[in-house]
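Read through the structure below, which is laid out as structure tokens, and then see the notes.
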Amino acid sequence: MADTVRRPLMAGNWKMNLNHLEAIALVQKLAFSLNEKQLTEVETVVLPPFTDLRSVQTLIDGDKLLIGYGAQDLSPYASGAYTGEISGPMLARLGCQYVVVGHSERRAYHHEDDATVNAKVAAALAHGLAPILCVGEGLEVREAAGHVAHCSDQLDAALKGLTAEQVEKVVIAYEPVWAIGTGKTATPEDAQEVCGAVRERVAERFGKETGERTRVLYGGSVKSSNIAGIMAKPDVDGALIGGASLDADEFAKIVRFPEHVSR
Ligand SMILES: O=C(CO)COP(=O)(O)O
């Protein structure tokens, strides 16, 4: 983690786990496990299923918790005949700050292509939500050493048509597909290689300052036991955490990573 303007961000992507009652219990436990200093130093965010968002909002607002929240997806459209979809304005009205866009599970199971991801990034920004844009290669691409080019292409496509000012609001998450839910974490060096290349690409296309300001996360089997090594890398500004974010104690330990990083 570089000593820059970029505030570390730990975001828990719950995926399709926890109902609204379980969500309240987890957020309460997480808040009690972390003090004001820890939550100020490291931005801590939960990304629950849509059905939990109203309950999470009520709890966080009511108790003035220093925890942020957002959604896992949004429609590229603002409203209309799109059965089953949830729009940016709906999420904004619920006080969401973030929304995940282009997660590999949505690319794979819901056939989201680069154009859809680009439209969703634009929709999020248009409604005041910060997209957490996921890029990442599968195992075959990694084995053929095509990972940097693959992520760079996904990034170019997803950021198409945006201004530098908009790009600064986007959080980019490098999530190698082979490391998601597999227990196979990328090494800190693997994470740095792609996070560094992503930042360089942003700088090339949108200017050096934008590159310096944009946060780049790593995601894939992050746990309290491996987070410190990953965060020690200069271009990794945080993590997108799946399984480990479903356990309040474990998630809190991940947020407390500065305590186990030697600087
Ligand atoms: O996909 C992920 C977060 O978006 C990573 O999931 P895991 O942490 O469960 O590997």
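All figures in this text were calculated on a predicted structure; none of them were measured in a lab. When a ligand or atom number is given, it counts from 1 through the structure's own listing order. Nothing fancy with the numbering, it's 1 onward along the sequence.
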Inset, instruction - May I ask you to say whether D114 pairs ionically with K160, meaning some side-chain N is under 4.0 Å from a carboxylate O? - result: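 K160 and D114: not salt-bridged.
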Inset, instruction - State whether the number of non-hydrogen atoms from other residues, nucleotides or ligands found under 6.0 Å of Y77 atom OH is greater than 12. - result: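 Not more than 12 within 6.0 Å, no.
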Inset, instruction - Flag yes if more than 12 heavy atoms outside H20 fall under 6.0 Å of its NE2 atom; otherwise flag no. - result: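 Open.
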Legend entry - W14 and Q72 side chains, donor-acceptor separation under 3.5 Å: no
Inset, instruction - Before giving the answer on salt bridge (Lys or Arg N to Asp or Glu O under 4.0 Å), spell out for E250 and K223 the whole-Å C-alpha distance, their side-chain angles and the decisive distance to 0.1 Å. - result: CA-CA 7 Å; E250 178 64 6; K223 302 186 271 284; over 6 Å; no
Check: every ligand 1 N/O to protein N/O pair under 3.5 Å:
| unit_1 | atom_1 | unit_2 | atom_2 | d |
| --- | --- | --- | --- | --- |
| ligand 1 | 1 (O) | K15 | NZ | 2.8 |
| ligand 1 | 1 (O) | H103 | NE2 | 2.8 |
| ligand 1 | 1 (O) | E175 | OE1 | 3.3 |
| ligand 1 | 4 (O) | N13 | ND2 | 3.0 |
| ligand 1 | 4 (O) | H103 | NE2 | 2.9 |
| ligand 1 | 4 (O) | E175 | OE1 | 3.2 |
| ligand 1 | 4 (O) | E175 | OE2 | 2.9 |
| ligand 1 | 6 (O) | K15 | NZ | 3.3 |
| ligand 1 | 8 (O) | S221 | N | 3.4 |
| ligand 1 | 8 (O) | G242 | N | 2.9 |
| ligand 1 | 9 (O) | G243 | N | 2.8 |
| ligand 1 | 10 (O) | G181 | N | 2.6 |
| ligand 1 | 10 (O) | S221 | N | 2.8 |

Side-chain donor-acceptor distances from residues 80-90 under 3.5 Å, at least two apart:
| unit_1 | atom_1 | unit_2 | atom_2 | d |
| --- | --- | --- | --- | --- |
| S87 | OG | A78 | O | 3.2 |
| S87 | OG | M90 | N | 3.3 |

